[in-house]
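Heads up: the structure comes next, in structure tokens.
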Number of protein chains: 2
Amino acid sequence: MHLFNVQKTLHAGKLTEKILKLFMATGNENILSLIQSLNIQHILLPVLPTKNMSVEIKDNEVDIVITALQPDLTSFMEDWRPIISQFHIIIVKEPGLEEDLQIPQGFDHQIYTGSDIQRIAGHTSITFSGHSCCYIGYLVSQKKYVISIDSDCLPARDKNGCVVDAVAQHIANLQTPATPFFFNTLYDPYRTGADFVRGYPFSLRTGVQCVLSCGLWLNLADYDAPTQAVKPNERNHRYVDAVLTVPARAMMPVSGINIAFDREIMGPTFFPGFRLPEEGKQRWESMEDIWCGLCAKVVGDHLGHGVKSGLPYVWRSASANRGDAFGSLKRGWEGVKLMEEVVPFFQSVRLPRTAVTAEECVFEIAKMVSERLGQSNAVFSKAAAAMIEWVKLWKTVNSQQA
Amino acid sequence: MHLFNVQKTLHAGKLTEKILKLFMATGNENILSLIQSLNIQHILLPVLPTKNMSVEIKDNEVDIVITALQPDLTSFMEDWRPIISQFHIIIVKEPGLEEDLQIPQGFDHQIYTGSDIQRIAGHTSITFSGHSCCYIGYLVSQKKYVISIDSDCLPARDKNGCVVDAVAQHIANLQTPATPFFFNTLYDPYRTGADFVRGYPFSLRTGVQCVLSCGLWLNLADYDAPTQAVKPNERNHRYVDAVLTVPARAMMPVSGINIAFDREIMGPTFFPGFRLPEEGKQRWESMEDIWCGLCAKVVGDHLGHGVKSGLPYVWRSASANRGDAFGSLKRGWEGVKLMEEVVPFFQSVRLPRTAVTAEECVFEIAKMVSERLGQSNAVFSKAAAAMIEWVKLWKTVNSQQA
């Protein structure tokens, strides 16, 4: 076990060299056997002395946040019971919903209603209707991690027909490091049976902390209204058994349907600030999560953290009450057009070194939104104002809790 | 069919708006039905009037390049027969190999031996031994596309047990556009049953031309000597059913084991210039393909083209004559150390706008290698010299052919 101590005291890069020199000098198979018997996946990694990127996540550090857009959560909760019942659950009732919620027994949950939202958010220009009410759940959570899954999604089955534990997979994604600075062609190198491929620099194999895990959807994919209108019958049946780190500086469309994140680090980047003028209650009629995701990616990149995409899948239902994407085209189309400005903007954002927390980063991005996009569309100036309000709200609520 | 003509005459972005306005103004389901019946995957895409990124690849535009590191190619060729027999095949015999090659009947092939290499390359500092002899095949090919698979690889089977047609998949990867400017979370959006997810800007959905397709390996993954030494018994059994575009500016380790590329555009970026002092004949003892891949990625990004990674898999054998990775540590270790300088260098390369061909780009990179890395290790100054020699050789050989 001496090697572990060697590891902890040596500086990055030096370790690899030292161990390999030891191999070569002695040619001693015993050293190799010892290392193999210790079952150390990445013994040859340069390990930073004070920074181990793998984290341990305990059940009591996780909140599951669920948005109730319709009153009866019975079948949803029952289907998820084996997966979520050991966690604390925050249920946010959409403010426009009048009926009482139906929630089965046996869950450690807390419900937030319209009046709670009003009490917590106070006087604000931010709107928490539709899917946007989930952000109240992120705000009031007192846990380090949040996992959020839309209530029209059920547990998926993998290619062997086994039920996917989406929560466990999200936690695994957040627990193991991300590798945003060099792409690993064999996907997640920390997964059992995988590793870094030839040519991957050893100094980058420690990875960085993963702060956002973006899961995917079987059955009904998360398409925009135009795509959905053109392909109303398309279903996603392909189970891609992979998780990958989205490279630094690459932007991506983060969907709020199935995500998990480190709330302590990234919480302030998730807010309902980007609201379309005629936003509806279907995902394809809104864009607020896409905007948050771009903020989160820019902030994560700036702070040196990583974002993963891929597993876990959830099974997204295509129920009749979802409505007609064709009918949503008018609302969805506004968002589609705006993305032509939004994406180049986020691709160009460079944050100042003085911004070292997500709050500070969001504040800086808000200023840039206001300056560079504010004139182009009222949606943007409203988003900038909401971002600043959100950061203040986040600070207030979280300082009260602390 | 009128819509097609509309498409061709309208400018990017305008089309989407026009069609959607038509939808909204008329509310006419017939328009939608018409579009659906036409089965146009991306009717809502803004189509650039003069640039269609999808390309058609014919069998006679493809060369299969095989490196013979041992004389008997019988079982290799027989296993690949159903997949490669319709293509022209270039077989490059490793110059150190004395025995005659054994190649079964029925292939349209051409063999290049040590004396051919000498005749073609002439007086040069570039060494074409080991895996590096394949580059002669890339040089002499007169086809637009090259597909190259190591001769210790056999056709893989997919998760349903069906033999994978690696050639067809590489061609599909090169035929359909790449999307390097925004990450699509559902992987390849052009695949049947997939599309761009919500939030993906429509103006980027046309994609750019894919010029490099990097396939993967089942059974024995492409690990470096240290990883192979630590995990001698690890085998890759996970078939990840996906192809993705590696985002612009993200660097990756390209393996030469299983690749395809647009030779006309990218050919000059594939050369054996980065040669380790004690390079052996195992992939894990060499790094020349990793260097090429970094060049190719930088050049592809600069020229506005895309690189894909993922399918197709090949089944890489773990035969006894592969030798002992532990014994290769000394040779492989040199390459491992050098990557710590190589990767940051390529991450920092910015090419001048005046460089508009791969030849010009490689020439510029060679100058930078010489200036920035040349002092650090003789390997780098030799690589820079080889790159310049290669570009000249490429021009000479290809102008003779033309």
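Order of the sequence lines sets the chain letters (A, B, ...), proteins ahead of strands, with each chain counted from 1. Basis for what follows: all heavy atoms, side chains included, without hydrogens, waters or symmetry-related copies.
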Quiz item: Which residues pass the side chain to side chain donor-acceptor pair (under 3.5 Å) test with B/S309, sequence neighbours left out?
Solution: none
Quiz item: Which region of B/V343, side chain (C-beta onward) or backbone (N, CA, C, O), has a non-hydrogen atom less than 4.5 Å from a non-hydrogen atom of chain A, or is it both or neither?
Solution: side chain
Self-check item: Spacing of A/T227 atom OG1 and B/F202 atom CZ [to the nearest 0.5 Å]
Solution: 4.5 Å
Exercise. Please round to the nearest 0.5 Å and tell me the distance separating atom CZ of A/F181 and atom CE of B/M251.
Key: 14.5 Å
Self-check item: Structural part of B/L186 lying under 4.5 Å from a heavy atom of chain A
Solution: both
Practice problem: Kindly say whether A/R283 contributes a backbone atom to a donor-acceptor pair with the side chain of B/R198 at under 3.5 angstrom? | Solution: yes
Practice problem: Specify which of A/A250, A/P180, A/A221, A/A242 makes the most heavy-atom pairs with chain B at under 4.5 Å. | Solution: A/A242
Quiz item: Can you tell me if B/Y223 uses its side chain to pair, donor with acceptor, with the backbone of A/D195 under 3.5 Å?
Solution: yes
Quiz item: Would B/V197 and A/W217 count as a side-chain contact (heavy atoms from CB on, under 4.5 Å) if you check the C-alpha gap in whole Å, the side-chain angles of each, and the deciding distance to 0.1 Å?
Solution: CA-CA 11 Å; B/V197 300; A/W217 337 274; 3.7 Å; yes
Self-check item: B/K159 and A/D241 ion-paired at < 4.0 Å
Solution: no
Practice problem: Before accepting this row, confirm whether a basic side-chain N of the pair A/D224/B/R205 lies closer than 4.0 Å to the acidic partner's carboxylate O. | Solution: yes
Quiz item: Looking at residues at least two apart in the chain, or sitting in another chain, which of them share a side chain to side chain donor-acceptor pair (under 3.5 Å) with A/E341?
Solution: A/S376
Quiz item: Which answer fits B/R249, side chain, backbone, both or neither, if we ask what part of it has an atom under 4.5 Å from a heavy atom of chain A?
Solution: neither
Self-check item: Which atoms of B/Y313 approach chain A - backbone, side chain, both or neither, heavy atom under 4.5 Å
Solution: side chain
Exercise. Check for a donor-acceptor pair, side chain of A/E340 on one end and backbone N or O of B/P201 on the other, with a separation under 3.5 Å.
Key: no
Self-check item: Nearest-0.5 Å distance, OG1 of residue A/T192 to CZ of residue B/R238
Solution: 9.5 Å
Self-check item: Side chain, backbone, both or neither of B/L244 within contact of chain A (heavy atoms, under 4.5 Å)
Solution: side chain
Quiz item: Side chain, backbone, both or neither: which part of B/Y187 has a non-hydrogen atom closer than 4.5 Å to chain A?
Solution: side chain
